[in-house]
Protein chains: 2
Amino acid sequence: MSANSRLTIAAHALAWIGLYQRQGHEVATSEQIATSANTNPVVIRRLLGELRRAGLVESRRGVGAGWSLARELGSMTLLDVYEAVEPGPLFAMHRTTPDQGCVVGYGIQPAMQGVYEGIEETLRHELARVTLENVLRDVLAAPR
Amino acid sequence: MSANSRLTIAAHALAWIGLYQRQGHEVATSEQIATSANTNPVVIRRLLGELRRAGLVESRRGVGAGWSLARELGSMTLLDVYEAVEPGPLFAMHRTTPDQGCVVGYGIQPAMQGVYEGIEETLRHELARVTLENVLRDVLAAPR
DNA sequence: CTTGTTGCAACCTTCGTTGTTACGACTGCG
DNA sequence: CGCAGTCGTAACAACGAAGGTTGCAACAAG
C-alpha cells in the first residue's frame, strides 16, 4: 500500500505549533514547521489548510502572520486529524465492476463492504482515543 | 489515501475457487477468476502467487491445470490474506528524517510509532475475526 | 507432438503524494 | 503610501505503487 505520511506530518505540525505557543509565541510560520519536518513550506500550508477547514487551526496573513491552534491540544484527537487529511476509505473495491452475472461477482462487494465498514469503525475508535496532547506528551518523553 | 483493492480481489478469488470446488470442480483457472473479477488473468495469477507463497492455495501446471485451495475456507482469515498481499504498514513516517535538533522533530517518530503499532494490532485482530467461510456465506446471502 | 495453463519478465498507463516554483492577496509598520 | 513578510493557491515535475497488457518459456495430460 502506498502508505501515507499525511497523518504523521499533520500531527507533527500540530504538536509543533502547540509547543511553540506554550513557549509564549503567538503564531508559527509554515517555514518554521517545514524546517522541523524537513519538508517544503507549501506542503505544510496545504496540510494546515485542510486542518483549518476542519476547525483545528487558524491562520493570519500579512506581516507577522502564521498559524495558531483553534482549540486546545487536549480537545483534538487523531481522528479529527485523520478525517481532515485522509479523504478515502482504507480499502477499495474493484476498480471495475465485477461480473454481475456471477454469484461471487454479484455478492462480493456487499460482503466486503460490511467487513470494511466494521474495520473502519474500529479504526476510528482507536484514533479517537489519542489526543494531540497525548502525542505531544509522548514526543517530549522521548529519551535523548 | 491510495486505497488498495488487493485484499478485495484476493478475497474474491478465494471465494470463487472455494465455491467452484464445492460445485465439484477440481481446479479453477486464472482466466475464469479474472472474468468474474473483471480484470486481467495475469493480475489474478500475481495475486494468487502471493497467496500460494503464504500456503493458502496451490497451483497445478500443464493441461487441465489451475488453482485449488490448500486449506478449508473456514480456516483462512482475512488476516492471512492481508499479510500475504499487503507488504507495508498502514501509516508511514516522514519520507525524510525530521530535524533531530528540534524537540518535536526528534520525538515525533517514536511517539507516532507507538500509536501506529497499537492501531495495526487492532486492525489485525479485526481481520482475524473474519474467515473466508464467513465471506463466502455473506456473498451467497446477497439479495438478488 | 499438441494443447492449455501457469510462471514470470518487461513495459506502459494511471493515479496519488510530495516537492518546487511562481505569483497574487493580505496586513502591519514605517 | 509603499515595503516586507507570510499566507493561498495554481501549475508542473518527480516519484512510486498498482493495474493492465503482451510475450514467451516451462510444464504436463492426452
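Naming convention: chains lettered A, B, ... in sequence-line order (proteins, then strands); numbering from 1 in each chain. Note that these values count all heavy atoms, side chains included, but never hydrogens, waters or copies made by symmetry. All values derive from a computational prediction rather than experimental measurement.
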Whole angstrom value for the distance that separates P of C/dC8 from CD of B/E50: 12 Å
Tell me whether the count of non-hydrogen atoms from other residues, nucleotides or ligands lying under 6.0 Å of NE2 in B/H25 goes above 12. yes
How long is the line joining CD1 of A/I33 and C1' of D/dC7, in whole Å? 12 Å
Charged N to carboxylate O below 4.0 Å: is that the case for A/E126 and A/R129? yes
Gap between atom OG of A/S5 and atom NE2 of A/H12 - 0.5 Å precision: 12.0 Å
Check DNA chain C against residues 54-73 of chain A and give the residues with a non-hydrogen atom under 4.0 Å, in numerical order. A/R61, A/G62, A/V63
Atom-to-atom span, CG of A/L48 to C1' of D/dC7 - whole angstrom: 11 Å
Length of the line joining B/R6:CZ and D/dG16:C1', which is rounded to integer Å: 14 Å
Aromatic plane relationship, A/F91 with B/Y82 - under 30° parallel, 30 to 60° tilted, over 60° perpendicular: perpendicular
Phosphate oxygens OP1/OP2 of C/dT5: is one of them under 4.0 Å from a side-chain N or O of B/T29? no
Between P on D/dA18 and CZ on A/F91, what's the gap in Å once rounded to a whole number? 13 Å
Nearest-Å distance, CZ (B/R45) to C1' (D/dT22)? 11 Å
NZ/NE/NH1/NH2 to OD/OE distance under 4.0 Å, A/E133 and A/R22: yes
Return the value, rounded to whole Å, for the distance between atom CD of A/E26 and atom C1' of D/dT6. 16 Å
To the nearest 0.5 Å, what is the distance between CG on B/L123 and CG on A/L90? 7.0 Å
Nearest-0.5 Å distance, OH of residue A/Y116 to OG1 of residue B/T8: 3.0 Å
Write down the distance between CG (B/N4) and P (D/dA17), rounded to a whole number of angstrom. 12 Å
Among C/dG19, C/dG7, D/dG20, the nucleotide that comes nearest once only the side chain of B/R46 is considered: D/dG20
Which residue lies more 5' along DNA chain D, comparing A/G49 with B/V85 via nearest heavy atoms: A/G49
It should be established whether B/S5 places a side-chain nitrogen or oxygen under 4.0 Å from OP1 or OP2 of nucleotide D/dG19. yes
At 4.0 Å (heavy atoms only), tell me whether A/R95 reaches a base, stays on the sugar-phosphate, or touches nothing. sugar-phosphate
Taking the side chain of B/N40 as heavy atoms from C-beta outward, which of C/dT17, D/dT22, D/dG19 is closest to it? D/dT22
